[in-house]
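Written below as C-alpha cells is the structure these notes are about.
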Amino acid sequence: MIRILVSVVLLVFSSFGLKAQSWQPVGDKIITKWAEEVSPDNVWQEYPRPQMKRDQWLNLNGLWEYAITSNRAVAPKEWKENILVPFALETPLSGVGLRIKADEVIWYRRTFDFDPKKDENHLLNFEGVDYKCMVWVNGQLAGSHIGGNLPFSFDVSKLMKEGENEVKLRVIDGTDDPDLYQLRGKQKRDGRGIWYSPSSGIWSTVWMESVPKTYVQSVKILADMHGELIAEAIVGGLKQPSGLRITVLEDGKEVMKKNSSSHEVRMSVKNVKLWSPSSPHLYDLLVELVGENGEILDSITSYAGFRSVGKECDENGNWQFTLNGEKIFHLGPLDQGWWPGSFLLPPSDEAIVWEMDYLKKAGFNMIRKHKKVEPRRYYYHADRMGFLIWQDQTSGGSGGSEWPKWKKLKALSKDYSPRNNNWWDGNEDVLNADWPDWAHEQYMTELKTMIDVLYNHPSVVVWTTFNERWGQHRSMEVGNWTKKYDPSRLLNIASGGNFFEVGDIADEHNYPHPLFPLEVPLYDDYIKVVGEYGGHGWPVEGHIWDTSKDNWGYGGLPKTKEEYIQRYVKSSEILGGLKKKGISAGVYTQTTDVEGEINGLITYDRKIMKISPEDLYKIHKEAGLVD
C-alpha cells in the first residue's frame with residue numbers, strides 16, 4: 001500500500017500554486033469562534049470516516065479554483081481564485097459568499113501531486129456535494145452522482161498519473177426548483193422563517209485513499225446486548241479468494257479473534273460491556289481481509305458499541321423505549337445542524353464536541369438530527385460521548401405535491417386542542433403526496449444510502465422517514481421497506497405528520513408547550529412521543545444573524561429573560577406530567593438559534609448560552625425528566 005506521509009498532505013496546498021493569504025471570509029454577519037480560527041492550512045484535517053479507517057490518506061481540502069457559468073456552458077472560459085473547500089459557495093468561510101441563479105452551475109478545479117502504484121487502487125472520495133455533479137480526473141470523466149446529503153466515491157485508478165494530477169467538478173443545485181423534487185431539507189432560495197440559506201456545491205471533505213487491488217469496500221457491523229457481533233464485508237477490486245478476520249480489542253488488548261472463510265464473521269464476546277448514554281463503552285475492531293495462503297490483503301480499523309434497541313409495554317399499557325432491555329426516556333433537542341459561517345458543515349471537529357458537551361451537561365441523552373445528515377465524524381462523537389440519535393431522512397418535494405392534506409382530527413377530549421390536526425378519517429388518498437416514480441426512486445436511493453452509511457453507529461437508534469407532511473408520500477411502502485431493511489432500529493414514520501400504522505412510534509408536535517392526544521386509541525400500540533415542542537425565543541443583542549429581518553420564536557417573544565426561562569420551566573413540567581402518563585420522549589426546539597429563528601438554547605454564533613447547562617440539568621431534574 002502506498003505510504004503517503006502527513007508532510008505530503010501539507011505540501012499539497014503549496015503545490016496547487018494558490019496563495020493562502022488571498023483567501024478571507026466574506027460578509028458581515030456573525031460567526032463562531034471556531035470559524036474565526038479557520039485557515040486554508042488547518043481546514044478539516046481529521047480523517048473523515050472513523051468507522052472504517054485506514055492510516056494512509058490524502059486530504060484535498062484547501063484552496064481550489066472555481067467558476068460560475070450558464071448551465072449551457074461545456075466548460076468555464078476563465079477560472080477564479082479562490083474558494084476554500086470544503087465550505088459551500090454561499091458560505092462566508094468559502095471566501096466567495098455568492099448564490100447561484102437557477103440557470104447557473106458551479107465549476108471546481110485543483111491539482112495535486114501523486115505517485116500511483118500499479119498494485120493499488122486509488123479512490124477519490126467526496127463527503128458531500130450538493131446536489132448533482134460530474135467529476136473529471138486529468139480530463140477524463142471519473143463519474144457522476146446525484147444527491148446532496150451523503151458521501152460517495154469513484155475508483156480513479158486508471159485515470160491517475162505520476163506527478164501533477166487535476167480534479168474538476170461541475171455541480172448543479174436546483175435547491176427548491178418545483179420540477180426537481182430535490183431532497184434539500186431546510187434549504188430554500190428565499191430563506192426565511194423556518195427555512196435557511198442554501199449550501200451549493202462541495203460542502204464537506206474531499207479526500208483520496210489508496211487501497212490494495214483486493215480491498216474492503218465496506219463493512220456492516222451489528223453488535224447487541226448479548227455480546228453477539230456480526231461483521232459482513234463487501235469486497236471491492238480484484239475478486240481473489242479471501243476470508244475475513246475480526247479482532248475485538250479493549251484499551252489496546254485483544255479480547256477475542258475469529259476467522260471466517262467467507263466475508264462474514266459471527267462471534268460471541270463474553271462479559272461484554274454495554275453501550276449506553278450513561279456509559280458509552282466502545283470496543284476497537286481490527287478488520288482484516290485474509291488471502292487463501294494466510295496473507296493479509298487489506299486491513300482497516302473500526303469500532304463497535306454493544307447495545308440493543310427495543311420497546312416494552314409498561315404496567316399501564318403504554319409502550320416505552322428500551323435500551324439493553326431497560327426502559328429509557330428520551331430527552332433531547334431538535335438539532336438543525338446549521339452554522340453561521342459554514343451552514344451545513346460545522347466549522348471544525350472541536351465545534352461539534354463543544355456543542356455535544358453542552359447538551360450532555362444539560363442532561364439530554366438524545367439528539368433529533370433534523371432534516372439533514374451530518375458528516376460521519378459527528379456520529380463518531382455521538383458514539384463516544386453517549387447520545388441517542390433520531391435520524392431524519394432529508395426531505396424534499398415539488399410545488400403543491402410537496403404537502404399532502406392533514407388528517408382530520410376527531411376530537412375525543414374537549415381539553416385537547418392541538419396545533420396540528422392528525423386524526424385519520426379513513427381517506428388514505430389525501431394523506432400522501434403524489435410523487436412520480438423517478439422522484440420516489442431517488443428518495444429511496446438516498447434513504448437506503450443514509451441507512452448504509454450510518455448503520456454501524458450505536459448512537460443511531462431511530463429512523464424518521466418523514467417530518468410532518470414535508471414530501472410525505474407512499475408512507476406505507478416507505479415504512480414497510482425501512483422496517484424490513486433495518487429491523488435493528490425503531491421507525492418513526494412521520495414525526496408530527498400524517499400517521500400510518502407502520503413502524504413503532506406515534507409522534508405529536510405542539511408549540512409552544514408539549515401535548516399528546518393520549519385518548520386516541522389508534523396510538524395505543526405505539527410508543528407515544530412529543531417529537532417537537534417549545535421553541536421559546538429570546539433575542540440576544542449583538543448575536544443576531546440578520547437584524548434587518550423579523551426574528552421570531554414560537555408563542556411570541558417574552559418581555560424578559562426571566563420570563564423566557566420560566567416558559568422553558570413550564571414546558572419541562574408539562575412534559576414531566578406527560579411522562580407519568582406514558583409519553584416516552586420529548587424533543588425541545590432547539591439547540592441553537594438559526595438565522596431568523598431565535599428559539600435556541602444557545603445563540604447562533606455559539607457565544608452565549610441563554611440557559612446554562614447546569615441550570616438546564618436542574619430544571620430537567622426537578623421536572624422528573626432525568627434520573
Side-chain angles (χ1 to χ4, degrees), residues 7-29 31 35-45 58-101 103-114 124-130 133-140 142 156 161 163-173 197-208 339 341-345 347-348:
S7 59
V8 174
V9 176
L10 297 176
L11 286 171
V12 164
F13 297 112
S14 59
S15 70
F16 188 34
L18 296 177
K19 296 180 180 179
Q21 57 266 32
S22 66
W23 167 88
Q24 62 180 5
V26 297
D28 57 0
K29 292 185 170 66
I31 59 174
E36 293 169 353
E37 297 169 355
V38 167
S39 75
D41 294 325
N42 68 14
V43 59
W44 275 104
Q45 297 296 296
L58 180 63
N59 191 342
L60 296 181
N61 291 337
L63 294 174
W64 292 48
E65 292 178 295
Y66 78 98
I68 299 173
T69 72
S70 161
N71 57 16
R72 295 181 298 276
V74 296
K77 292 182 179 180
E78 61 178 352
W79 293 90
K80 296 178 182 286
E81 299 178 356
N82 301 315
I83 185 169
L84 183 56
V85 169
F87 300 116
L89 183 80
E90 299 89 342
T91 65
L93 285 181
S94 72
V96 179
L98 295 178
R99 182 173 298 177
I100 58 172
K101 298 176 183 177
D103 61 350
E104 292 180 328
V105 299
I106 314 168
W107 297 80
Y108 294 84
R109 183 176 72 177
R110 74 156 296 162
T111 59
F112 60 96
D113 289 333
F114 200 71
L124 177 58
N125 302 293
F126 296 87
E127 292 299 296
V129 180
D130 198 351
C133 69
M134 299 176 70
V135 179
W136 292 266
V137 173
N138 294 324
Q140 299 183 64
V156 296
K161 62 183 182 179
E164 185 177 84
N165 289 263
E166 179 195 63
V167 176
K168 185 169 66 175
L169 279 78
R170 180 182 188 270
V171 184
I172 301 173
D173 184 16
S197 302
S199 284
S200 300
I202 298 173
W203 67 268
S204 197
T205 292
V206 185
W207 56 294
M208 287 279 302
W339 299 79
S342 47
F343 300 178
L344 287 178
L345 178 67
S348 70

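With sequence neighbours left out, the side chain to side chain donor-acceptor pair (under 3.5 Å) criterion links N165 to N138. With sequence neighbours left out, the side chain to side chain donor-acceptor pair (under 3.5 Å) criterion links W107 to T69.
Between L63 and P40, the shortest heavy-atom distance links the atoms CG-CB, 3.8 Å. Heavy-atom minimum distance, I106 versus L89: CD1-CD2, 3.9 Å. Between N59 and V206, the shortest heavy-atom contact is OD1-O, 3.7 Å.
Between the side chain of N61 and the backbone N or O of W44, at least one donor-acceptor pair lies under 3.5 Å. No donor-acceptor distance shorter than 3.5 angstrom exists from the side chain of Q24 to the backbone of S22, with no hydrogens or angles considered.
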Could you walk me through whether E166 and W136 satisfy the side-chain hydrogen bond (donor to acceptor under 3.5 Å, both in side chains) test, starting with their C-alpha distance in whole Å, then the side-chain angles of each, then the deciding distance to 0.1 Å, before giving a yes or no?
CA-CA 8 Å; E166 179 195 63; W136 292 266; over 6 Å; no
Start with the C-alpha distance between V26 and L98, add both sets of side-chain angles, then the distance that settles side chain to side chain contact (heavy atoms under 4.5 Å, CB included), and finish with yes or no.
CA-CA 10 Å; V26 297; L98 295 178; over 6 Å; no
Trace of the side chain to side chain contact (heavy atoms under 4.5 Å, CB included) decision for V167 with W64:
CA-CA 10 Å; V167 176; W64 292 48; 4.1 Å; yes
Please test F126 against V135 for side chain to side chain contact (heavy atoms under 4.5 Å, CB included), starting from the C-alpha separation and ending with a verdict.
CA-CA 10 Å; F126 296 87; V135 179; 4.1 Å; yes
Does the pair E90 and R99 meet the rule for a salt bridge (charged side-chain N to carboxylate O under 4.0 Å, His left out), with working shown?
CA-CA 5 Å; E90 299 89 342; R99 182 173 298 177; 5.3 Å; no
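Looking at L345, T205, I202 one by one, the single match for side chain to side chain contact (heavy atoms under 4.5 Å, CB included) with E127 turns out to be T205.
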